[in-house]
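Reading through the structure tokens given below for one structure.
In this chain, numbering begins with 1 at the start of the sequence shown.
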Amino acid sequence: MSLTQKRVLVTGGSRGIGAAIAKAFATEGADVAITYEKSADRAAEIVGDIQALGRRAIAIQANSADVTAVQESVEKAAGFLGGLDILVNNAGILRYSELTELSLEDIDALLNVNVRAPIVASKAAIFHLSQGGRIINIGSYFADRVPAPGLSVYAMSKSALIAFTKGLARELSPRAITVNVVHPGSIDTDMNPADGPASVMLKQFIASGNFGTGEDIANAVTFLASPKAQYITGTALTVDGGANA
């Protein structure tokens, strides 16, 4: 898909969906920087996997709730890679509780990581992105449908990315930079395992009857990052096995 030598930053790339995205870009020939918060060993493994494919890679420690850390991670990634072509705002957290039981600290964390961090990272990255670059935000299919109680603030934090994506797509269109959001459904990760306590409830909504994989999301992201998607911007792509059908 002509991603050879593209320079990519994937936030939250040490595990789960982020790790799958980072490795998919490397498989397509891109050089990749990832951020991580605590999983230094796993981040080092991803860097090793990317380097084994013959591509450059770096892992940058950054807490996505920290504005300065987010800004600095973009600068470090651009410095190491010699610029940026693609930003994937993947880092995110889940706090699951009905609103009356959700602490203010949890609300702040959801907003800071899931909403503010993609905005701050995008703002910093714009100064480095090449003509025809890409920004891809990772949302959630809960942005369109909330099938159970306890998800209201998390779902809101992901639906906010839709408006941000649409607005930023307008702003960056003169530079042929596309901005899109991918909404994963139930994906088998450490945060939401296919055999976890919520899996039975979630599977009843999925038309295919099974959880997806990180590679399913990575395939969508690398497509949107490729020249084949040059006329797709300001839109949302839901990859959920038909859960929102």
Backbone N/O of [Y] and side chain of [X]: donor-acceptor pair under 3.5 Å:
{"X": "T238", "Y": "H183", "answer": "no"}
{"X": "D216", "Y": "G212", "answer": "no"}
{"X": "R55", "Y": "G29", "answer": "yes"}
{"X": "Q61", "Y": "E37", "answer": "yes"}
{"X": "R56", "Y": "F80", "answer": "yes"}
{"X": "N90", "Y": "T11", "answer": "yes"}
{"X": "T233", "Y": "V179", "answer": "yes"}

Linking I/L/V/M/F/W/Y whenever their side-chain heavy atoms sit closer than 4.5 Å, directly or via other members, would [X] and [Y] fall into one cluster?
{"X": "F127", "Y": "V88", "answer": "no"}
{"X": "Y154", "Y": "L202", "answer": "yes"}
{"X": "L99", "Y": "V146", "answer": "yes"}
{"X": "I162", "Y": "L151", "answer": "no"}
{"X": "L9", "Y": "V120", "answer": "no"}

Report yes if some heavy atom in the side chain of [X] is under 4.5 Å from a heavy atom in the side chain of [Y]; otherwise report no.
{"X": "I21", "Y": "I136", "value": "no"}
{"X": "P184", "Y": "V239", "value": "no"}
{"X": "T178", "Y": "I135", "value": "no"}
{"X": "F142", "Y": "S159", "value": "no"}
{"X": "I187", "Y": "I217", "value": "yes"}
{"X": "R95", "Y": "V153", "value": "no"}
{"X": "L84", "Y": "V74", "value": "yes"}
{"X": "V221", "Y": "F25", "value": "yes"}

Reported [atom1]-to-[atom2] distance for the pair [X] and [Y], which is rounded to 0.5 angstrom:
{"X": "S199", "Y": "I206", "atom1": "OG", "atom2": "CD1", "result": "9.0 Å"}
{"X": "E28", "Y": "T4", "atom1": "CD", "atom2": "OG1", "result": "8.0 Å"}
{"X": "R134", "Y": "I177", "atom1": "CZ", "atom2": "CD1", "result": "9.5 Å"}
{"X": "D106", "Y": "E101", "atom1": "CG", "atom2": "CD", "result": "11.5 Å"}
{"X": "L87", "Y": "I126", "atom1": "CG", "atom2": "CD1", "result": "9.5 Å"}
{"X": "D66", "Y": "Q71", "atom1": "CG", "atom2": "CD", "result": "9.0 Å"}

Apply the hydrophobic cluster definition, ILVMFWY joined by side-chain contacts under 4.5 Å directly or through others, and give me every member besides [X].
{"X": "Y36", "answer": "none"}
{"X": "V47", "answer": "none"}
{"X": "L161", "answer": "V181"}

Those residues that, when tested against [X], pass side-chain hydrogen bond (donor to acceptor under 3.5 Å, both in side chains) (two or more places apart):
{"X": "D188", "result": "none"}
{"X": "S173", "result": "none"}
{"X": "R15", "result": "none"}
{"X": "T165", "result": "N137"}

List the residues meeting side chain to side chain contact (heavy atoms under 4.5 Å, CB included) with [X], not counting sequence neighbours, and say none if there are none.
{"X": "D108", "value": "N112"}
{"X": "Q131", "value": "R175, A176"}
{"X": "I232", "value": "N180, F223, L224, A229, T235"}

Residue pair [X] / [Y]: nearest heavy atoms and the distance that separates them:
{"X": "V70", "Y": "A117", "value": "CG1-O, 3.9 Å"}
{"X": "A69", "Y": "A62", "value": "O-CB, 3.9 Å"}
{"X": "V113", "Y": "G92", "value": "CG1-CA, 3.8 Å"}
{"X": "S157", "Y": "V115", "value": "O-CG2, 3.4 Å"}
{"X": "T222", "Y": "A24", "value": "CG2-CB, 3.9 Å"}
{"X": "L237", "Y": "A220", "value": "CD2-CB, 3.7 Å"}

* Around atom CD of Q51, are there more than 12 heavy atoms of other residues, nucleotides or ligands at under 6.0 Å? ->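 More than 12 within 6.0 Å, yes.
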* Do other residues, nucleotides or ligands put more than 12 heavy atoms under 6.0 Å from K6 NZ? ->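 No, because the 6.0 Å sphere around NZ of K6 holds 12 heavy atoms or fewer from other groups.
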* Sorted by first residue and then second, give each side-chain hydrogen bond (donor to acceptor under 3.5 Å, both in side chains) pair with at least one member in residues 72-87; sequence neighbours left out. =>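 Applying side-chain hydrogen bond (donor to acceptor under 3.5 Å, both in side chains) to every pair that reaches into residues 72-87, excluding sequence neighbours, yields R7-D85, E75-H128, D85-S130.
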* Which pairs pass side-chain hydrogen bond (donor to acceptor under 3.5 Å, both in side chains) with one or both residues in residues 139-150, sequence neighbours excluded? ->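 Every pair satisfying side-chain hydrogen bond (donor to acceptor under 3.5 Å, both in side chains) with a residue in residues 139-150: Y141-S186.
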* Asked: Just checking, is any N or O donor in the side chain of N89 or S122 under 3.5 Å from an acceptor N or O on the other one?
  ->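 Yes, because at least one side-chain N or O of N89 sits under 3.5 Å from a partner of the opposite role on S122.
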* **Pair R42, S14: side-chain N/O donor-acceptor within cut-off below 3.5 Å** =>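 Result is no, nothing qualifies.
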* **Derivation and outcome, side chain to side chain contact (heavy atoms under 4.5 Å, CB included), residues N114 and K158** => CA-CA 7 Å; N114 293 358; K158 292 300 186 176; 4.1 Å; yes
* I58/D31 under side chain to side chain contact (heavy atoms under 4.5 Å, CB included): CA gap, chis, key distance, verdict -> CA-CA 9 Å; I58 186 174; D31 297 321; over 6 Å; no
* I would like to know whether K203 and N210 meet side chain to side chain contact (heavy atoms under 4.5 Å, CB included); could you show each step before the answer? => CA-CA 6 Å; K203 285 179 181 177; N210 58 274; 5.8 Å; no
